[in-house]
Amino acid sequence: VCSSDLEQKHPLLGRFLDAAKQETSQRIPKEILNDEILSGDKKEDFILEIGSEEMPASFIQPALENLKNKVRTFLEQENIPYDSIEMYGTPRRLTAYVQGLALAKPATTEEKRGPALESAYDSQGDPKPAALGFFKSISQNPINLSEIDHHKNLFIREVNGKLYLFAHISTESKPTAHLLAENLPGIILGIDFPKKMRWADYDISYARPLRWIVALFGKHVVPFSVGNIEAGRESFGHRQLNPSGFALEKAQDYLLLLKEHKVIADVFERRRLILSQLEKIESDLHAQAADKEKVLEQVINLVEWPELLVGTFSKEYLKAPKEVLISEMVEHQKYFPLVKSDGTLINNFVITANTKPTPQIIEGNQRALSPRLADGLALYQIDLKIPLSEFNERLKSITYQKTLGSVYSKVERLIKHAEVLQRYLDISTPEKAKRAALYSKCDIASKMVYEFPDLQGIMGKYYALAHGEEEEVANAIEEQWMPRGENAPLPSTETGIILSLAEKFDNLLGCLLAGLKASSSSDPYGLRRQALGMIKMLISHSLRLPLKEVLDELVLHFPEELRKGKKAVPDVLEFLMNRIKTVFLEYGLAKDEVEASAAAGFDDIYDSFLKAQALKSFREKEGRFIKLFEVYKRAKGQLNENNGNLFTESLLKEKAEISLHQLLKNSEEPFMSALTNRQYDNAYTMIADIQPALAALFDEVKILADDPKVRSNRLALLQIVFDRFSKLLDFSKIKE
């Protein structure tokens, strides 16, 4: 993060940094560099503001996070105390504000253990390679063993009966200002941006040309240079509203003086200001902003002094689907669209301006938006004239993935997948499932989706409705893409559930067959998101689905040559396993509850979820679970002696063991019935009812009887109890 890192990557930049370092120490004010501060603990606030030409809005937040990490890493590596780091940013400036930064890096002394003495020196006391390496690591010239006793920083100490070489490593106190001046040029030029540029003939690069740098430590400038820019105390106001420069007397003046010059540097304050203005507009127009958070994240870093205005467009454009118009306004123009309480779009939109509101601004934005809306309406009307069957025909020439063939090949698989899933889930109808799958991808061939890929499915729904398809079939075409993001809505129609599951199973199987596995750092096909969505669908809609059985059928819908030698089904099941656990945890289940309930695996996700929920509920009932767990542990200890002997009722002698056996016999049928009907709460109650009889057995009966036959029989009785438990959970996974 500092100068040395950049010097290795950019030799020309290294020469610039070397020259900058030579100049800085001579220009640092005595008040923050003199010897007096080295022994004190005085603190001051420090501010670094990097001023530039306007940067793209998408650059700001990642750059602020990156700058904060670099400043924090520098301070922690240098062991310089500080209280906190606050970040501010606008299109023209990135700012790090360090509160309570120590004026000096404190002196330190630490011990470092070296090699064992026998490995460090030979019989003559000369250092071996291990000692030479240790001396090099602490910047110490090698010395003979006999000299160690007379060396102030080296000594020998016994550790666990063995002698080791040790060193005291001391670092002197240094003025923070000096370290800042040396390292800040490298930190600034090391900020990561999606793209950087060079300007003039400077051997440096940044997101946009640099214009000024503020570096104030309390009241004093920390002097350094970047390119032709000298760090100082002068910042600049809003480019249009108050463009003059102004000097900061001290770091603490920063936010207040910027506000006086029409700049709100605090991102969160700009957000609050935008939202408060937007809420007033919504109230006045009796409407709500659509995609509010999405637009907000885009405009918040487009402005330094936000002013919201309302524009209008022709009602003629409302003939197009609202999603098309919203997409035009949000994606291209960064406007807030407005909708009524029933979701109907109105012909008003909200502009986020960066200057004083004027009618000319409204008029200019209206002129910019109208052609876009006109294009959207025209594309929609053109697409409406094309039959769905023709769209499908075009899919034959659109490649889905080079190994998996065309999009039309995918449609053919989805039709088969949907048939299988409808049969297993027994929801919707075969006809609806097949029809939805048939036209599931038709809109991919449309002009509208070509221009707006995010409208896949949405436009398919509109085209299907326009061509007379049933409403549930049309809705399913949209719902196949759900959930579209984390915590986004799930499909709500039965046909939509089938098609969405078919789509996700096809993607998981297809990508694994094509060798396109998701890794820890890359998931370009969104397989993790789709797996999570699939799991949540099955749980939310209480759907039972035997995963392996279904996958074994679905994989046959892929070409045989693609399946040959592949183990796609086991790979998909393994991929799903950790995601299932993740979703269960999101539903508030404890990790050990999930593990204990999955003794039989996760083949039926909803069934496993019900078991885990029942365990959680039973566990929360005061007393019963704890008592059951205690007798489980006692039984587990005894069963270590069990050699798999068979149980014989005639060998029962004591009252307690006879009572336990009778209880097990009487409850066997109701217990199995509860499991069959997935009444897991009842099943837990029934195994809890075993606890008193089991406790009595341990209190009254000698399990490890002297008679081998009686002992084996009692252990076999305990095994029956354990087998009963294991049908419901694996107690060994429970944490106390």
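Keep in mind that this is a model prediction, so the values were computed, not measured. Basis for what follows: all heavy atoms, side chains included, without hydrogens, waters or symmetry-related copies.
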When the ring planes of [X] and [Y] are compared, do they come out parallel, tilted or perpendicular, using 30° and 60° as the limits?
X      : Y      : answer
Tyr587 : Phe609 : perpendicular
Phe722 : Phe725 : tilted
Phe618 : Tyr684 : parallel

Side-chain heavy atoms of [X] within contact of [Y], under 4.5 Å:
X      : Y      : result
Leu414 : Leu438 : no
Leu729 : Ile687 : yes
Gln422 : Lys432 : no
Leu610 : Gln613 : yes
Leu404 : Thr399 : no
Phe625 : Glu620 : no
Leu75  : Arg72  : no
Ile703 : Leu697 : yes

Distance from [X] atom [atom1] to [Y] atom [atom2], nearest 0.5 Å?
X      : Y      : atom1 : atom2 : answer
Ile690 : Leu664 : CD1   : CG    : 5.0 Å
Leu509 : Lys566 : CG    : NZ    : 12.0 Å
Lys294 : Ile326 : NZ    : CD1   : 10.5 Å
Ile497 : Glu479 : CD1   : CD    : 7.5 Å
Leu545 : Ile535 : CG    : CD1   : 12.0 Å

Validation row, ring centre His661 to ring centre Phe647 under 6.0 Å: yes
Ring centre gap for Tyr439 and Tyr463 strictly below 6.0 Å: no
Evaluation steps, salt bridge (charged side-chain N to carboxylate O under 4.0 Å, His left out), between Glu586 and Lys536: CA-CA 10 Å; Glu586 286 179 15; Lys536 289 178 180 178; 3.3 Å; yes
Verdict with supporting geometry, Arg423 and Glu553, salt bridge (charged side-chain N to carboxylate O under 4.0 Å, His left out): CA-CA 12 Å; Arg423 173 165 36 90; Glu553 285 198 50; 3.0 Å; yes
Verdict with supporting geometry, Glu293 and Arg271, salt bridge (charged side-chain N to carboxylate O under 4.0 Å, His left out): CA-CA 10 Å; Glu293 284 300 320; Arg271 179 187 179 91; 2.8 Å; yes
Any salt bridge between [X] and [Y], counting N to O under 4.0 Å?
X      : Y      : result
Arg624 : Asp689 : yes
Asp506 : Arg413 : yes
Arg435 : Glu469 : yes
Asp723 : Lys727 : no
Lys633 : Glu630 : yes
Asp603 : Lys548 : no
Lys581 : Glu595 : yes
Asp571 : Lys517 : yes

Test item: side-chain donor near acceptor, [X] and [Y], under 3.5 Å:
X      : Y      : answer
Ser667 : Arg724 : yes
Asn507 : Glu503 : yes
Ser341 : Gln288 : no
Lys655 : Ser659 : no
Ser406 : Ser409 : yes

Please check: side-chain N/O of [X] versus main-chain N/O of [Y], any donor-acceptor pairing under 3.5 Å?
X      : Y      : result
Asp592 : Lys735 : yes
Glu76  : Thr73  : no
Asp607 : Arg678 : no

Residues, nucleotides or ligands: over 12 heavy atoms within 6.0 Å of Lys504 NZ: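 Count over threshold, so yes.
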Crowding at CD, Glu486 (>12 non-hydrogen neighbours, <6.0 Å): no
Stepwise side-chain contact (heavy atoms from CB on, under 4.5 Å) check, Asp707 with Arg711: CA-CA 6 Å; Asp707 184 334; Arg711 179 172 63 244; over 6 Å; no
From CA spacing to verdict: side-chain contact (heavy atoms from CB on, under 4.5 Å), Leu547, Phe602: CA-CA 8 Å; Leu547 286 179; Phe602 289 104; 5.7 Å; no
Pair Asp681-Ser617, side-chain contact (heavy atoms from CB on, under 4.5 Å): steps then yes or no: CA-CA 8 Å; Asp681 289 326; Ser617 176; 4.2 Å; yes
CA sep, side-chain torsions, deciding dist, call: Arg714, Glu657, salt bridge (charged side-chain N to carboxylate O under 4.0 Å, His left out): CA-CA 8 Å; Arg714 287 173 180 171; Glu657 60 182 335; 3.1 Å; yes
